[in-house]
Amino acid sequence: MQFSRHVRQYWPLSIVTIAIVLGLPFLTGHGEKRPGLAGITGRAGGLSVDGDDLIVEALNNKRQAGYTRPDGMLPLYGFDGVVLNTPIFKSWWDGNAVVAGAKLKELHANTVVLGQIWKDSNHFHDNVARMHGAGMKIIVQVTDAQDWVDLREDATGKLQPLPFTFVSGRATHVLAEAKAQSVGRFADYILIGGDTQSFANQLQRQKMYQVTKQYFPDTPIVRRYNADIMRAEGMQGKSHPMGGVWDDYRFGPDECDIALVSVGRGVDEGRAGVRVAGVLEQLNHIVSIVKSRHNDAGIIVTAQLGDERLLNNNKGGMWSSKEIDQFVSAILTSAAVDGLVLKGLGQYTYDLGHPDFVAQRQAFRDAAPSLSPTEAASQAEGVGIDRAPASAPATGNQ
């Protein structure tokens with residue numbers, strides 16, 4: 001596999017990553033403290049399942065979650081949170097899925113993470129089928145936090161999960177509707193949305209995985225993880241806002257096939273740029289956590305191209321073309337990483353969709369992983385996922 005010219009300088013860090021992963025014990029053995037029952041019971045009188053039922057089901061119906069990227073397949077590479085009806089996306093690509101897919105391909109992207117666009121039955125099948133026609137793999141979010149827990153606004157107006165309100169029954173209705181919309185046929189991956197360590201302990205996350213897998217047994221299940229994946233490791237014995245202690249919320253086995261992990265920029269909030277060495281240090285830590293508990297789990301990295309406030313108000317908030325090249329090359333040559341999807345395409349005023357950032361888009365294209373001629377021939381001979389053809393051209397948004 002060929003990467004950009006900056007790859008060689010990061011191989012030592014990759015070796016460090018491998019050493020960290022292989023050097024840690026497998027904590028899911030006899031020595032690990034398993035998640036407790038705190039916060040597992042849903043609200044009385046609802047569609048909840050009590051703690052004992054969850055434990056029995058988790059033990060008796062345990063599934064071996066995991067993901068192995070097929071031989072010859074490129075790392076997943078593209079954009080997180082693509083929304084077709086945002087102003088920049090519409091002005092750049094006219095909101096047309098055919099053109100959008102072609103533009104993504106021009107950037108050498110092969111993967112996009114979409115929200116709950118399956119709920120728009122008028123355009124979902126056509127838009128996804130046309131992106132597949134351009135060679136895109138699609139990660140579709142099916143459930144969000146409010147499908148599993150109750151939410152309430154805090155003093156700032158931000159929605160927060162309420163303790164002891166976890167249920168699976170509400171989510172099953174959403175999953176059944178998504179299955180009826182043929183999401184399993186069109187999506188390459190299913191995403192469980194929300195930073196679930198903030199509202200679900202490890203046993204509850206196992207339950208979420210099992211329920212989702214019942215509706216989409218043949219599709220890899222992706223789950224988001226933010227900084228809490230590391231925070232939980234250093235908060236042992238301390239109370240968690242949703243009940244119990246942070247020990248119960250640590251990452252564990254059988255809660256996803258692929259972990260979609262967020263990494264920072266290695267610089268203080270409000271500042272522009274990225275410090276690649278700092279990012280890789282954080283990524284090494286996350287990889288060690290995931291692989292020591294669930295060695296078969298895939299890992300996709302998601303990162304934001306600059307501080308959100310800067311990207312909305314200051315053109316200087318965007319990374320330079322050199323920073324993009326170095327960051328992409330470093331992430332994709334780190335051990336155990338199956339892909340990278342960046343946040344910042346048509347989401348903010350000054351992101352990669354802005355007309356002035358030609359050099360940055362070229363850097364993203366040039367840094368993309370590529371196959372050697374032998375690998376490309378091997379991939380062309382592989383068996384793809386059967387997809388329904390698109391119907392008449394669709395010009396609408398999501």
With salt bridge (Lys or Arg N to Asp or Glu O under 4.0 Å) as the test, would you mind laying out the steps for Lys238 and Glu233 before giving the verdict? CA-CA 11 Å; Lys238 297 183 180 180; Glu233 303 300 308; over 6 Å; no
Taking the six-membered ring for Trp, are His108 and Tyr77 ring centroids under 6.0 Å apart? no
Side-chain donor/acceptor of Lys291 to backbone N/O of Ala297, under 3.5 Å: yes
Stepwise salt bridge (Lys or Arg N to Asp or Glu O under 4.0 Å) test for Glu153 and Lys158: CA-CA 5 Å; Glu153 288 187 1; Lys158 184 178 179 180; over 6 Å; no
Does the Gln282 side chain pair with the main chain of Val279, one donor and one acceptor, at a distance under 3.5 Å? no
Do Asp80 and Thr302 have side-chain atoms, one donor and one acceptor, less than 3.5 Å apart? yes
Any donor and acceptor pair, going by atom type alone, linking the side chain of Asp351 with main-chain N or O of Tyr348 inside 3.5 Å? yes
Going by distance alone, is a donor N or O of one side chain under 3.5 Å from an acceptor N or O of the other, for Glu308 and Asn312? no
Taking Ser329 for its side chain and Gln326 for its backbone only, find out whether a donor-acceptor pair lies under 3.5 Å. no
Main-chain N/O of Gly81 paired with Gln347 side-chain donor or acceptor, under 3.5 Å: yes
Looking only at atom types and distance, does a side-chain atom of Asp144 sit under 3.5 Å from a main-chain N or O of Gln146, one as donor and one as acceptor? no
First locate atom CD of Gln304, then atom CG of Leu342, and finally report the distance between them rounded to the nearest 0.5 Å. 10.0 Å
Validation row: Ile221, Lys213 side chains within 4.5 angstrom (heavy atoms): yes
Are side-chain N/O atoms of Thr143 and Trp148 paired as donor and acceptor at under 3.5 Å? yes
Between Asp150 and Arg170, does the salt bridge (Lys or Arg N to Asp or Glu O under 4.0 Å) criterion hold? Intermediate values first, please. CA-CA 10 Å; Asp150 291 343; Arg170 187 163 51 211; 3.0 Å; yes
Verify, without hydrogens or angle tests, whether Arg361 (side chain) and Leu352 (backbone) share a donor-acceptor contact under 3.5 angstrom. yes
If you count heavy atoms of other groups shown closer than 6.0 angstrom to CD of Glu281, is the number above 12? no
So Tyr249 and His240, would you call those rings parallel, tilted or perpendicular, with 30° and 60° as cut-offs? parallel
Val140 versus Ala187, closest heavy-atom pair with distance: CG2-CB, 3.7 Å
Looking at Met242 and Pro161, what are the two nearest heavy atoms and their distance? SD-O, 3.7 Å
Tell me whether the centres of the aromatic rings in Tyr189 and Phe216 are closer together than 6.0 Å. no
Is it true that Gln214 and Tyr209 share a donor-acceptor pair across their side chains at a distance under 3.5 Å? no
Does a donor on one side chain and an acceptor on the other come within less than 3.5 Å for Asp248 and Asn201? no
Measure the spacing between OG1 of Thr68 and CE of Met73 and express it to the nearest 0.5 Å. 10.5 Å
Checking Arg293 side chain against Ser288 main chain: does a donor-acceptor pair fall under 3.5 Å? no
Side chain to side chain contact (heavy atoms under 4.5 Å, CB included) between Asp338 and Val301, intermediate numbers included: CA-CA 8 Å; Asp338 294 284; Val301 176; over 6 Å; no
Centroid separation Phe199 to Phe166 less than 6.0 Å: no
Is it true that a side-chain atom of Arg224 and a backbone atom of Gly193 form a donor plus acceptor pair closer than 3.5 Å? no
Answer yes if Leu159 and Leu162 sit in the same cluster of Ile, Leu, Val, Met, Phe, Trp and Tyr residues linked by side chain heavy atoms under 4.5 Å apart, and no otherwise. no
Without swapping roles, check the side chain of Arg69 against the backbone of Gly298 for a donor-acceptor pair under 3.5 Å. no
